[in-house]
Amino acid sequence: MKEKDLRRSLSVLPIGTVMKLTSLTARQIRYYEEQGLVSPERNDGNRRMYSLNDIDVILEIKDYLDEGLNIAKIQEIYKKRKEDNKNNDTKELTDQEARKILSDELLNIGGLNSHDAANNSF
DNA sequence: CTTCTGACA
DNA sequence: TGTCAGTA
């Protein structure tokens, strides 16, 4: 599985492709990099080259944003996720661990929704 | 033509 | 965020 992982980490997509794949504007994509959420390489002429991994991350960012999270929250989530990866560096994620990470992220989302006062209807 | 940085409404 | 300017 390392071959695919390596390929997935190859930065070969110009920002124009990322725009089409994520339905985001170049402005937003660059902004997310500014916030440290993605780290595209800089090949020729100082141009950003994204990897499939980056696409995945950006898509996730878009999802979180859609759920009402701000950049700060997303940064926290990724920071926590990084620490989690440090914890189990040599072994694969068990289903339980994956669940824990996901629920933890969802917890972060739910605990900070200030825009859904209407949700009190249940 | 496509992308980059900085800046302003 | 959108968008314009001046480059590379």
Side-chain angles (χ1 to χ4, degrees):
Chain A
M1 288 266 188
K2 284 180 179 174
E3 304 278 328
K4 287 185 179 178
D5 245 52
L6 188 65
R7 248 183 283 280
R8 169 177 239 83
S9 298
L10 287 183
S11 304
V12 290
L13 312 173
I15 199 168
T17 304
V18 182
M19 288 175 67
K20 294 172 184 173
L21 263 44
T22 63
S23 300
L24 292 172
T25 66
R27 181 80 162 79
Q28 292 174 297
I29 298 170
R30 295 193 189 110
Y31 179 65
Y32 302 153
E33 179 194 6
E34 205 174 328
Q35 303 310 306
L37 276 51
V38 284
S39 302
E41 285 176 30
R42 299 296 262 260
N43 279 14
D44 82 276
N46 201 33
R47 292 199 149 89
R48 295 178 178 74
M49 300 302 275
Y50 298 83
S51 67
L52 296 179
N53 259 323
D54 294 326
I55 302 295
D56 219 77
V57 173
I58 295 174
L59 249 19
E60 245 183 66
I61 295 171
K62 192 192 166 195
D63 258 41
Y64 286 137
L65 250 31
D66 194 63
E67 295 186 55
L69 287 164
N70 56 37
I71 298 295
K73 303 298 178 185
I74 300 175
Q75 290 176 327
E76 289 177 33
I77 291 176
Y78 277 71
K79 184 174 183 177
K80 179 155 283 189
R81 186 177 297 182
K82 185 176 181 181
E83 292 173 1
D84 254 328
N85 283 335
K86 264 189 178 180
N87 246 318
N88 38 259
D89 41 20
T90 175
K91 62 176 180 177
E92 291 181 30
L93 249 58
T94 68
D95 199 51
Q96 288 180 24
E97 288 171 326
R99 253 175 185 288
K100 185 189 186 306
I101 295 174
L102 265 298
S103 77
D104 192 64
E105 292 176 0
L106 270 297
L107 214 62
N108 273 304
I109 296 174
L112 256 122
N113 267 346
S114 57
H115 69 96
D116 57 357
N119 255 21
N120 291 330
S121 51
F122 84 85

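Proteins come first, then strands; the chains are lettered A, B, ... in the order of their sequence lines, and each starts at number 1.
With rounding to the nearest 0.5 Å, the separation of CD1 in A/I77 from CG in A/L107 is 10.5 Å. In this structure, CD1 on A/I15 lies 11.0 Å from CG on A/D54, to the nearest 0.5 angstrom.
The side-chain hydrogen bond (donor to acceptor under 3.5 Å, both in side chains) analysis of residues 56-65 of chain A, with sequence neighbours excluded, yields the pairs A/E60-A/Y78, A/E60-A/R81, A/Y64-A/R81, A/Y64-A/E105. Residue pairs satisfying the salt bridge (Lys or Arg N to Asp or Glu O under 4.0 Å) criterion with at least one member in residues 16-42 of chain A, sequence neighbours excluded, are listed as follows: A/E33-A/R42, A/E33-A/R48.
Not a single side chain to side chain donor-acceptor pair (under 3.5 Å) links A/T22 to another residue, sequence neighbours left out. Residues meeting the side chain to side chain donor-acceptor pair (under 3.5 Å) test with A/T17, sequence neighbours left out: none. Residues that satisfy the side chain to side chain donor-acceptor pair (under 3.5 Å) test with A/D104, not counting sequence neighbours, are absent from this structure. A/T25 is linked by a side chain to side chain donor-acceptor pair (under 3.5 Å) to A/Q28, counting only residues two or more places apart in sequence or in another chain. The side-chain contact (heavy atoms from CB on, under 4.5 Å) search around A/L52 returns A/R8, A/L13, not counting sequence neighbours.
Between A/I74 and A/Y32 the shortest side-chain heavy-atom distance does not fall below 4.5 Å.
Once you apply a 4.0 Å limit to the heavy atoms of chain A, the touched nucleotides of DNA chain B run 5' to 3' over B/dT2 to B/dA7. In 5' to 3' order, the nucleotides of DNA chain C bounding all contacts with chain A (an atom under 4.0 Å from a heavy atom) are C/dT1 to C/dA8.
Stem regions annotated for DNA chain B: B:4-8 with C:2-6, counting only runs of 3 or more consecutive pairs of Watson-Crick or G-U type with both contacts under 3.5 Å.
Looking only at distances, no side-chain donor or acceptor of A/Q75 sits under 3.5 Å from a matching main-chain atom of A/G36.
Residues A/V57 and A/L37 share a closest heavy-atom pair of CG1-O, 3.5 Å.
Listed in residue order, the members of residues 23-60 of chain A having a heavy atom less than 4.0 Å from DNA chain C are A/T25, A/R27, A/Q28, A/Y32, A/R47.
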